[in-house]
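Just dropping this structure here.
Within every chain, numbering begins at 1; the chains are lettered A, B, ... in the order of the sequence lines, protein sequences first and strands thereafter.
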Protein chains: 2
Amino acid sequence: MAASTKPLILSILKEGKSYGYLIIQKVKDLSGGILEWSDGMLYPVLHRLEKEGYIESEWMISENGRKRKYYSITEQGKLELIAEKEDWLSVQAVLVKLWGILPTE
Amino acid sequence: MAASTKPLILSILKEGKSYGYLIIQKVKDLSGGILEWSDGMLYPVLHRLEKEGYIESEWMISENGRKRKYYSITEQGKLELIAEKEDWLSVQAVLVKLWGILPTE
DNA sequence: GATAATACATTGATAATCTACGTAAAGATA
DNA sequence: TATCTTTACGTAGATTATCAATGTATTATC
């Protein structure tokens, strides 16, 4: 399941800055509660993606004074997302053929 | 990319018996040449799936006298494929939302 | 004052991945 | 007949990914 973390995180950050806790919520919301990521699973991935140069972070203070580490996607990350998207769609196309379903099913 | 080996292999074997070399060909064909698996990458996955009980194997001799190890999907494997499919479609649905595309694009 | 929610992090065991390498036979080509 | 390509299987081992478990701390709610 977690093999999909990279495209999902990059896609979310392409929509705009976000932070760890909120990313988990967004994934949960967008999936209708099906995808529930743990924080212990997400943070190492965020650190790895930052180390690889796909995202970058800055500490910010929210309205209520809470510290948050906001991540944003880099130019390199955008290119990587395009590649990830191509890969995903390639596999998706094959699976759709094998499953004999319409892609929306 | 290789995170997709499991659903792909199980889906192919659900269509009928097959063997390592042919599976690589099928994936290549179905993807229009985009997905090219190496044998050294596939065989360990086949062994793992067999060990986990999702597929089973038997040695057979082809028309030209060549030895082949044919794999077929087990009942447990069929159940696992259903689960894999659900997982895949959950992620797919989220990505489609984020990418703002029709699933066929 | 206690509990839940928010928000970050690391550690470390387990599992997955993939390149590189090895074997061998059949078929094609020169 | 010698060589190359294709078919067909395999393992080893380094690298990487995964995830549960655990820790810290603040804010919000009850």
Options dC19(D), dG10(D), dC18(C), nucleotide nearest the side-chain atoms of Pro44(B):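 The answer is dC18(C), which lies nearest to the side chain.
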
Euclidean distance, atom CD1 of residue Ile24(A) to atom C1' of dA9(C) [Å, nearest integer]: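 That distance rounds to 12 Å.
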
Whole-Å gap separating C1' (dT18(D)) and CG (Leu49(A)):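 The answer, rounded to whole Å, is 14 Å.
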
Derivation and outcome, side-chain contact (heavy atoms from CB on, under 4.5 Å), residues Tyr71(A) and Ile12(A): CA-CA 10 Å; Tyr71(A) 287 92; Ile12(A) 286 171; over 6 Å; no

Sugar-phosphate only, base, or nothing, as touched by Gly40(B) at under 4.0 Å among non-hydrogen atoms: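 Counting heavy atoms under 4.0 Å across all strands, the contact made by Gly40(B) includes a base.
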
Under-4.0 Å side-chain N/O to phosphate OP1/OP2 contact, Arg48(B) with dA16(C):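 Answer is yes, contact under 4.0 Å.
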
Glu50(B) CD - dC9(D) C1' separation (whole Å):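 Atom CD in Glu50(B) sits about 13 Å away from atom C1' in dC9(D).
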
OP1 or OP2 of dC8(C) under 4.0 Å from side-chain N/O of His47(A):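 No, no such contact exists.
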
Tyr19(A), nearest nucleotide to its side chain (from dT11(D), dG10(D), dA7(C)):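 Nearest listed nucleotide: dA7(C).
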
Interatomic distance where CD1 belongs to Ile23(A) and P belongs to dA7(C) [whole Å]: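 In whole Å, dA7(C) P and Ile23(A) CD1 are 12 Å from each other.
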
Interatomic distance where CD belongs to Glu36(B) and P belongs to dT6(D) [whole Å]: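 In whole Å, dT6(D) P lies 12 Å from Glu36(B) CD.
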
Among dA8(D), dG10(D), dT27(D), the one nearest Asn64(A) by side-chain distance: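 That would be dT27(D).
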
Side-chain donor or acceptor of Ser62(B) paired with backbone N/O of Arg66(B) under 3.5 Å: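 Yes; judged by distance alone, with no hydrogens or angles, the pair exists.
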
N/O (side chain, Arg68(B)) to phosphate O (OP1/OP2, dC9(D)) under 4.0 Å: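 So the side chain of Arg68(B) is outside the cut-off, no N or O lying under 4.0 Å from OP1 or OP2 of dC9(D).
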
Phosphate contact (dA17(D) OP1 or OP2) by Lys6(A) side-chain N/O below 4.0 Å: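 Lys6(A) to dA17(D) OP1/OP2: no side-chain N or O under 4.0 Å.
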
Plane angle bin for Trp88(B) and Trp88(A) - parallel if under 30°, tilted between 30 and 60°, otherwise perpendicular: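 The rings of Trp88(A) and Trp88(B) lie parallel, inter-plane angle below 30°.
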
Side-chain (Lys97(B)) to main-chain (Leu30(A)) donor-acceptor, under 3.5 angstrom: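 Side chain of Lys97(B) to backbone of Leu30(A): a pair is present.
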
Any donor-acceptor N/O pair, Ser57(B) side chain to Tyr70(B) backbone, under 3.5 Å: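 Pair absent, no side-chain N/O of Ser57(B) close to backbone of Tyr70(B).
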
dC8(C) OP1/OP2 closer than 4.0 Å to side-chain N/O of Tyr21(A):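 For dC8(C), neither OP1 nor OP2 has a side-chain N or O of Tyr21(A) closer than 4.0 Å.
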
Separation of dA12(D) C1' from Met41(B) CE (nearest whole Å):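 The answer, rounded to whole Å, is 18 Å.
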
For atom NZ of Lys67(A) and atom C1' of dT27(D), their distance in whole Å: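 Spelled out: NZ on Lys67(A) to C1' on dT27(D) is 14 Å.
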
Distance test, side-chain N/O of Tyr43(B) to OP1/OP2 of dG10(D), below 4.0 Å: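 Indeed not, no polar side-chain atom of Tyr43(B) lies that close.
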
Arg66(A) side-chain N/O to dT6(C) phosphate OP1/OP2 under 4.0 Å: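 Checking Arg66(A) against dT6(C): no side-chain N or O falls below 4.0 Å of OP1 or OP2.
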
Whole angstrom value for the distance that separates C1' of dA25(D) from CG of Asp39(A):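 The answer, rounded to whole Å, is 13 Å.
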
Shortest side-chain distance from Tyr71(A), nucleotide among dT18(D), dT19(C), dA9(C):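 Ranking dT18(D), dT19(C), dA9(C) by closest atom to the Tyr71(A) side chain puts dA9(C) first.
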
